[in-house]
A.B. asks: 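Questions regarding the structure given below will be posed in turn.
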Amino acid sequence: MDPTHQGPEEYGQNADDSGRSDGRRRPSRESNAADFGQPAPQQARVVRLTAGDLLLTVNPVDGSEVEAVPPGAEAEPPVRRTPAERADHERAGAPPVPAGPPAPQLPLLERQEERERLVGLLARGRSVRLTGQAGSGRTALLDAVAADCADLAPDGVVRLNGHRRTATDLLYGLFDAVHHAPLHRPDPEELLAHVRSIGAVVVIDDLEIGGAALDELLEATPECAFLLGTAPDLPAPGIDAHLEEVLLAGLGRAASLELLAKVVERPLTEEEKNWAGDLWFESEGLPLRFVQAGSLLRQRDRLNTDPTAFDEYDYFEPRLDGAPPVSEAPTPETLEVPLPSLGEGAAPAVLLASRLSEAARETLRFTVALGGEVPHQAHLPALVGDTHADAALGELAHCGLLSPAGPRYRLAAGVLAQLEAGGYAEEAAAHALTAAQHYAWWVSHPSVTPQRAAAEADAIVAAMSRLVPDDEAGRASAAVLLARSAAPALAAGLSWGAWEKALRVGQEAARIAGEVAEEAYFHHELGVLALCTGNLDRARTELETSISMRGALADKSGAVAGRRALALVADRSGGLVPPGRPQAGDEVPAVRQELPAGTPPAAYPAPQFLARQPGEEAPTVVAPLPEAAPGKGGGRVLLGGARRNLAAAGAGALLVAVLGTVVTLGLTAGDPEEPGSRNVTTEQSSPESTPDDGFPDDEPGDVPVPTGGTPGGETSATPSASEPATPSTSGSPSPGPSSPDSSSPGTEDPSSGPTGDPTSDGPSPSGKPTTPTKSPTPTPTAPTTPPTETPTTPPTETPTETPDPDGPSTSTSASGPAESASASASASASTSATASSEPPAEDGEPTEVAA
């Protein structure tokens, strides 16, 4: 078809023979396929479960969300399982049966005494710790004792795996084995209440906790009798635990030879007995060594019978060119395979693996790369690349290279070190990368349930842990992808121990790979996990880190989810969220406090209020609130930084305006009985011919003018701020603000004095007094001028300019209260907002106030 031709088939439309389309789209082959032949994106598997009184929504896209359980959505109370349900649950948690012919059932030799003692102690309700070396047969003895104690306790026997499990994991495993509570994880208090009522014989193999952790486990379950299989180097519990100790030694020489004969399934020759005797002395009678030695003898028998028995498994080295074919090989009568050496019998893993199939050896390489964790047999065909690779699990199990561990298999004791020494770890990183990519695809498939993912949790965590840290490019990203895919499934499967491990490994891998968005996701999930488990401090730290990262990435939906979880953390911690840097767009309102004309708060000095007329209302003072002491849970910052300075500046401007109005009203209030009283303003103009140092010579200069007094004529007891240190009675008044040599009110330097002679006290050229210019720096000098009555100008006088034949003229403007108020406010705005208090004037005269 022409690629430019857009026929109906290209868009999935049905067309008849004539090429016409009926307008309907062709139905998709898959139900979830979208139009245009592209598959629709898979729906995110959102799972909602309860954790105590919290409702957890596992969201694989933006991160899990947690909230308080709304009314009516509480989880149903857990229900105890019936004996049939407990049997089904135990069967589902058992390791799978390997493919291939069944292995021979081996007897329990020389363990009858220990078996009877363990059953007797458990029947009396005593807990026992069975201590023995790895490979001493602990698992076989525990299975036999568990079968004998099936009817001792009301809740039967509970089998748990202690490999890489904490005390909390074991408690939740015990709760799940006895109770049926789907999608519900009880909080610690509820968990303890449920496990205290459980009466069962709890058998834990490969226990790795001891000391205080073991004491906590035993104390939480007073109605249970424990049978613990541990290694000798594990710390013992405290004395109050009342735990019995049973040591498990190796087998004797006769029992070892009998076990070897059972494995070989024939009587031993004299040569083989001597070889087995040396092996018994070297291995201290460990049963695992004789099971593996019996596998070596079986392989030897097959080689002696049929030299081509292992050709299909590539046992022999590749033949050189010209070598005789297999049919011309020596006959069985002439071939004699020698017995393995004592070293090969003590460490037989490499020799046993060399005689297995290629699929089995490749499975061992993946197992070594995963730290001894064997993938489920359903994954082996995809990992190995052989459709019949699932049979490799049976080969490894029949050779004694594997041992059961909960719902899966692990390498037997000592096998991992032997295989690493034999070269099986040379490409461990590449095999771990392949396993991580496979598990990332598998766990994201819609058909995989969370329970199946939880059963494979150890192998998944081991695959991602092997890739971190790694210098190879792309391996950290593969670990991030696997952790991102597996974490939601592990959370929904209630395997929270593995969930936490996956999140921590994923967070470290994301940091190494530089994937900030994924790192923020893992921090968010760790915070949610800590919140659900009751660790509020850890939850707050992780959530704040995630919010900051997502804020930098402009991930609004993720940041909103983090803020909701953080708010819940603050609510549960009983305090407010600790103060932090305000986010962009957040508006913090300014806070003002209006204080009455009284004593201010003790944290601030008392403001110096302006003197006012009797009966006049006190001006409103705006002052900031003192800082509140932070509470236990932290407090919110009300005002800070530049906003506080802005509020203070606004309050200062408002105070200046109020003070200017008060001063103007005081100056304009004159005595109505004096005919010559009038207002005096500072609006004075001086012609350019006016000298800078005074007035014309013919003007009287001996008229005393009060320099530190009030407009009313009385001398103030407070020294004038404009008086010099040396008092003088001679001088001339300074020119007005409009003089070219004087600074304007808006730009006046507060440290500069009046223009002209500072010692002059003469009147103005027009015979009118002039208001002295004040300096903000007070100089304590005594007044030398007696009080003088100062005439005032009525407020209705019109400003005029009268020429003087003897000298320059000076204009005096008198205005109403409104104009004076605006002028005074403009002059006051150029000075400091802080005012010094003046004593009230007598006889109702207005008081001069320093602006």
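As a basis for the values below, the full set of heavy atoms in this structure was taken, side chains included, without hydrogen atoms, waters or symmetry mates.
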A.B. asks: Looking at E85, I'd like to know if its CD atom is crowded, meaning that more than 12 non-hydrogen atoms belonging to other residues, nucleotides or ligands lie closer than 6.0 Å.
C.D. replies: yes

A.B. asks: For R115, which residues count as a side chain to side chain contact (heavy atoms under 4.5 Å, CB included) partner, sequence neighbours excluded?
C.D. replies: L108, Q112, L141, A144, V145, D148

A.B. asks: Can you give me every donor-acceptor pair (side chain of residues 233-241, partner residue at least two apart or in another chain, under 3.5 Å) with its distance?
C.D. replies:
none

A.B. asks: By side chain to side chain donor-acceptor pair (under 3.5 Å), which residues pair with R159, not counting sequence neighbours?
C.D. replies: D143

A.B. asks: Between D571 and S573, does any side-chain donor sit less than 3.5 Å from a side-chain acceptor?
C.D. replies: no

A.B. asks: So, R80 versus S197: side-chain donor-acceptor pair below 3.5 Å or not?
C.D. replies: yes

A.B. asks: Could you pull out all residues at least two apart from D88 that satisfy side chain to side chain donor-acceptor pair (under 3.5 Å)?
C.D. replies: R91

A.B. asks: Under 3.5 Å, is there a donor-acceptor pair between the side chain of W499 and the main chain of P488?
C.D. replies: no

A.B. asks: So, R484 side chain and P60 main chain: donor-acceptor pair closer than 3.5 Å or not?
C.D. replies: yes

A.B. asks: If the condition is side chain to side chain contact (heavy atoms under 4.5 Å, CB included), which residues does A454 pass it with, not counting sequence neighbours?
C.D. replies: S495

A.B. asks: Sequence neighbours excluded, which residues qualify as side chain to side chain contact (heavy atoms under 4.5 Å, CB included) partners of T131?
C.D. replies: R129, T230, P232, E245, L247

A.B. asks: Going by the rule side chain to side chain contact (heavy atoms under 4.5 Å, CB included), which residues pair with L416 if we only count those two or more places apart in sequence or in a different chain?
C.D. replies: V368, L411, E420

A.B. asks: Throw together a table of side-chain donor-acceptor distances under 3.5 angstrom for residues 164-177, partners on residues two or more places apart or in other chains.
C.D. replies:
| unit_1 | atom_1 | unit_2 | atom_2 | d |
| --- | --- | --- | --- | --- |
| R165 | NH1 | H163 | O | 3.2 |
| T166 | OG1 | D169 | N | 3.3 |
| T166 | OG1 | D169 | OD2 | 3.1 |
| D169 | OD2 | T166 | N | 3.4 |
| Y172 | OH | P186 | O | 2.7 |
| D176 | OD2 | H89 | NE2 | 3.1 |

A.B. asks: Can you tell me how far the OG1 atom of T50 sits from the CG atom of L55, to the nearest 0.5 Å?
C.D. replies: 7.5 Å

A.B. asks: Any donor-acceptor pair under 3.5 Å linking the side chain of S485 with the backbone of L482?
C.D. replies: no

A.B. asks: According to ring-ring contact (aromatic ring centres under 6.0 Å, His included), who are the partners of H184, at least two apart in sequence or on a separate chain?
C.D. replies: none

A.B. asks: Please identify each residue that fulfils ring-ring contact (aromatic ring centres under 6.0 Å, His included) with H376, with sequence neighbours left out.
C.D. replies: none

A.B. asks: With rounding to the nearest 0.5 Å, note down the distance linking CD in E373 to CZ in R408.
C.D. replies: 4.5 Å

A.B. asks: Go through the structure and list residues passing ring-ring contact (aromatic ring centres under 6.0 Å, His included) with F226, not counting sequence neighbours.
C.D. replies: none

A.B. asks: Which residues pass the side chain to side chain donor-acceptor pair (under 3.5 Å) test with S64, sequence neighbours left out?
C.D. replies: E525

